Chemist: 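Sharing a structure here in structure tokens format.
Since we're looking at a predicted model, the values are computed, not measured. Here is the naming used below: chain letters follow the sequence lines, and residue numbers restart at 1 for every chain.
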Amino acid sequence: MPISRAPKDKLFSLVEDPVRLLKLAADNKNLKVGKQIHAHVVVTDKVSSHSNLVQTNSLINLYEKCGRLSVARQLFDSMRLRNVVSWSSLMAGYLHEGLALEVLGLFKSMVSADYNRPNEFVLTTVLSSCSDSVRVEEGKQCHGYVLKSGLVFHQHVKNALVHMYLRCSDVKGAMRVFSTVPGYDVFSYNSVLDGLLEEGHLKEATEVLRLIMREDVVWDSVTYVTVFGLSSSLRILRLGLQVHCRMLKTDIESDAFVNSAIMDMYGKCGKLVNAVNIFEHLRNRTVVSWTTIMAAYFQNGYFEEAFNLFVKMKLEDVSPNEYTFAVLLNSSASLSALRRGALLHACADKSGFKDHVIVGNALINMYAKSGNIEAANEVFSDIQYRNAVTWNVMISGYSHHGLGKKALHVFQDMLTAGDHPNYITFVAVLSACAHLGLVQQGFDYLNRVMKQFGIEPGVEHYTCIVGLLSRAGLLDEAKNYMSSVSVKWDVIAWRTLLDACFLHRNYGLGKRVAEIVVQMDPNDVGTYLLLSNMYAKARRWDGVVKIRKLMRERNIEKEPGDNSHPESRQIYKKVAELLAKIKLLGYVPDITAVLHDVEDEQKEDFLSYHSEKLAIAYGLMKTPSEAPIRVIKNLRMCDDCHTAVKLISKLTNRIVELWHRVYLSHHGETRAEVLENKCPAGLPF
DNA sequence: GTAGGGTTAG
């Protein structure tokens, strides 16, 4: 066995084979060595024209891989004879440089020159360029060529074709190719799953997942990340757990991506503990791990904890990125923590993340939810990049602030700018119509405009219509609408109707609706109180007693207020002091706001336990004398509090803003809608 | 001698 000669042979053939050397240099992106070989080739130029062609192709490949596209182009232009490899190598260079349109141009000249039939290499590169530049028309032309030439059966080409359709949001086109052309590999599964997820087609994604489970494909880490992502989007913990088990059994390396995907899945499926457990066992935490766990805290309602983690993260010397800022801004939005949000704004500005679209969106959202719609609009006007979310937060911001006209203006601007509205956009637009009482226009958006943009109305849109009708005082119409539309109405829809019944003092219908709401959500204290309040207003004391009994049976406690605050004694003292002072200004306690089965002499005390009075007292105790006080409530304020707040504002010379927040839950997100914005009565006198 | 998917956090 001539073993001893083998290495020498190999070395010899390498020296004699500049093409192989060039490939080595290209693969390792070693420009220096590559140039030396190039020089050697030029000096010893004694080869046939065919091997000259191959050598030049190799050189194009070398320079393209090393980021020297102009040199590659010069070589290409100087060639007397080119073949398909010359074209595809140059095209790959343009694709890698992000010049997708140049690739399409090259492809056109190649086809029209007609002496080189494009092969699978060319088509994958060209299709990728269509994907990158989102050119569905050119992509479809390629599809035609690919079908005629039979290249569609090539796995790489098929994958690139499917990916092109997904990138161009043509899910139907993608699925057609995916399921009619035989042949799958882990790449095609990953790409189609990821694309469907990106486009929000969860049903199709689930079907593809079923295929993957059935077929005998070896999952790679991308598959795991994508399937965890699917579990998160669907909020199916069982699926997530199953996939996690599978992963642990097949001991695939769990890199930073996989770990973040698992934490994200547990966070979104409500298993914060599991996410935290993984986080605490991570050896090296990147900014992504930190941001993912902060987002998990945020999604589960632990907003303060998200901030505490930010402090810890900085102690470990990890710098925040744009996503970190977005999560923190959303946390402060949920707390309506305007000052903290403004501080984060300054930080994001200083660290250069202000111009990222997600940060801009989070800033607009934060200012809008913290009550400063002017600041929200300022960020919106100055923003560099906009996407659908940008428009949506601004439209819903205006809408929640009761500025329906401005909301609809922004929507018009969105259409003029050529941006496509989505599902959420129309929720915001319809709620703006509700604020403005534009019944006809609301129906027009629902029935005509949404169809025009190919958006199927969902329960949230129908709920907006219920709000639209009932806010306009058309309560019976709203009720009839609910029975005529066959959609699964949730508690929010009924709650919308209920609030309107109360507002329009239609206690008859209100009571019937409230009974439904109580049945759907037996633990919501607010409904019981509203119901008993309505019975009281209708002077139906038997009803009040019934509700009170029901609450006692179901162990639902409300009054008196919560004493858990460490300073509750001082707060109550402050309330008493304020009430005594405003009595001198003409305040008469309205004891009809108190439940009937309380002794008369206690009623006045109970009034002072109402949370908005406690909150204002606490605000006065803790803030500088010129600071405005913002109170955010989940329930509508009672008449007594409304009167009292007006007088307290006058007495203390403070701006007091009262907000009503309703949490609407859809797709697991939490949005806040301010129904009662800056009650005119609460503004400075 | 040339080619594909590219993940997490709003």
Chemist: Is the shortest side-chain N/O distance from A:Q155 to OP1 or OP2 of B:dA3 below 4.0 Å?
Modeler: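 Result: no.
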
Chemist: Out of B:dG10, B:dT2, B:dG4, which nucleotide sits closest to the side chain of A:I358?
Modeler: B:dG10

Chemist: Could you state the atom-to-atom distance from OH of A:Y189 to P of B:dG6 in whole Å?
Modeler: 18 Å

Chemist: Between A:F310 and A:W290, is the ring centroid distance below 6.0 Å?
Modeler: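 No, the ring of A:F310 stays outside the 6.0 Å limit from the ring of A:W290, centre to centre.
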
Chemist: Grab the CE-C1' distance between A:M79 and B:dT2 for me, whole Å please.
Modeler: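 The distance from CE of A:M79 to C1' of B:dT2 comes to 12 Å, rounded to the nearest Å.
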
Chemist: Would you sort out whether A:F325 and A:H356 count as a ring pair (Phe, Tyr, Trp, His ring centres under 6.0 Å), showing the intermediate values?
Modeler: CA-CA 10 Å; A:F325 277 110; A:H356 283 86; 10.0 Å; no

Chemist: B:dG5, B:dA3, B:dT7: which one has an atom nearest the side-chain heavy atoms of A:F257?
Modeler: B:dT7

Chemist: Return the value, rounded to whole Å, for the distance between atom CE of A:M91 and atom P of B:dG4.
Modeler: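 It works out to 13 Å between those atoms.
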
Chemist: For A:A160, answer base if it contacts any base atom (sugar-phosphate contacts may also be present), sugar-phosphate if it contacts only those atoms, and nothing otherwise; contact means non-hydrogen atoms under 4.0 Å.
Modeler: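 No contact.
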
Chemist: Quick test of the criterion, 5.5 Å between centres and less than 30° between planes. Is A:F187 stacked on B:dG5 or not?
Modeler: no

Chemist: In whole angstroms, how far is the C1' atom of B:dT2 from the OH atom of A:Y94?
Modeler: 16 Å

Chemist: Between A:F178 and A:K158, is there a cation-pi geometry (under 6.0 Å to ring centre, at most 45° from the normal)?
Modeler: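 The answer is yes; both the distance and angle limits are met.
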
Chemist: Centre-to-centre under 6.0 Å for A:Y266 and A:H244, is that the case here?
Modeler: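 Yes: the rings meet the under 6.0 Å criterion.
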
Chemist: Please pick, from B:dA9, B:dT2, B:dG5, the nucleotide with the shortest atom-to-atom distance to any side-chain atom of A:V327.
Modeler: B:dA9

Chemist: Consider the side chain of A:S191, meaning its heavy atoms from C-beta on, and name the nucleotide among B:dT2, B:dA3, B:dG5 that approaches it most closely.
Modeler: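 Among B:dT2, B:dA3, B:dG5, the one nearest the side chain of A:S191 is B:dG5.
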
Chemist: Are any of A:T324's side-chain N or O atoms less than 4.0 Å away from OP1 or OP2 of B:dG10?
Modeler: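 Checking B:dG10 against A:T324, no side-chain N or O comes under 4.0 Å of OP1 or OP2.
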
Chemist: Under 4.0 Å, heavy atoms only, any strand: does A:N392 hit a base, just the sugar-phosphate, or nothing?
Modeler: nothing

Chemist: Specify the separation, in whole Å, of atom CH2 of A:W391 and atom P of B:dG10.
Modeler: 23 Å

Chemist: Look at all strands and tell whether A:V389 reaches a base, only sugar-phosphate, or nothing, counting heavy atoms closer than 4.0 Å.
Modeler: base

Chemist: Classify the side-chain pair A:N83/A:S86 by whether it contains a donor and acceptor separated by less than 3.5 Å.
Modeler: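 Yes, a side-chain donor-acceptor pair sits under 3.5 Å.
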
Chemist: Applying a 4.0 Å non-hydrogen cut-off, can you work out what A:N365 is touching in the nucleic acid: base, sugar-phosphate, or nothing?
Modeler: nothing

Chemist: When you measure from the side chain of A:D185, which nucleotide among B:dA9, B:dT2, B:dG4 comes out closest?
Modeler: B:dG4

Chemist: Here's one to test your reading of the geometry: is the NZ or CZ of A:R386 within 45 degrees of the ring axis of A:F380 and under 6.0 Å from its centre?
Modeler: yes

Chemist: Which nucleotide, B:dA3, B:dA9, B:dG5, lies nearest any side-chain atom of A:T291?
Modeler: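 Nearest listed nucleotide: B:dA9.
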
Chemist: Quick check on A:Y302: does its OH atom have over 12 non-hydrogen neighbours (other residues, nucleotides or ligands) under 6.0 Å away?
Modeler: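 It does not: A:Y302 OH has 12 such atoms or fewer within range.
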
Chemist: Taking the minimum atom-to-atom distance to the side chain of A:Y323, which one of B:dT2, B:dA9, B:dG5 wins?
Modeler: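 The listed nucleotide nearest to A:Y323's side chain is B:dA9.
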
Chemist: What is the distance, to the nearest angstrom, from the OH atom on A:Y63 to the C1' atom on B:dT2?
Modeler: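 Atom-to-atom, A:Y63 to B:dT2, this comes out as 18 Å.
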
Chemist: Among B:dG4, B:dT7, B:dA3, find the nucleotide with the atom closest to the side chain of A:A92.
Modeler: B:dA3

Chemist: If you take atom types as modelled and just measure distance, does the side chain of A:N190 reach the base of B:dG4 with a donor-acceptor pair under 3.5 Å?
Modeler: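 It does not, because no donor-acceptor pair links the side chain of A:N190 to the base of B:dG4 below 3.5 Å.
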
Chemist: Determine the contact category for A:N159: base if any of its heavy atoms lies under 4.0 Å from a base atom, sugar-phosphate if only primed atoms, P, OP1 or OP2 are that close, otherwise nothing.
Modeler: base

Chemist: Is A:N321 touching bases, backbone alone, or none of the nucleic acid, heavy atoms closer than 4.0 Å?
Modeler: base

Chemist: Within this structure, what is the CG-to-C1' distance between A:D255 and B:dG6, rounded to whole angstrom?
Modeler: 11 Å

Chemist: Do the side-chain N or O atoms of A:N61 get closer than 4.0 angstrom to the phosphate oxygens (OP1, OP2) of B:dT2?
Modeler: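 Answer yes for this pair, as a side-chain N or O of A:N61 is under 4.0 Å from OP1 or OP2.
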
Chemist: If the cut-off is 4.0 Å, is A:H154 near the phosphate of B:dG4, judged by side-chain N/O to OP1 or OP2?
Modeler: no

Chemist: What's the closest nucleotide to the A:S89 side chain, out of B:dG10, B:dT2, B:dG5?
Modeler: B:dT2

Chemist: Write down the distance between CD1 (A:I60) and P (B:dA3), rounded to a whole number of angstrom.
Modeler: 12 Å

Chemist: Does A:K268 place a side-chain N or O at less than 4.0 Å from the phosphate oxygens OP1/OP2 of B:dA9?
Modeler: yes

Chemist: Would you say a side-chain N or O of A:K158 is under 4.0 Å from OP1 or OP2 of B:dA3?
Modeler: no

Chemist: Among B:dT2, B:dG10, B:dT7, which nucleotide has an atom closest to any side-chain atom of A:D194?
Modeler: B:dT7

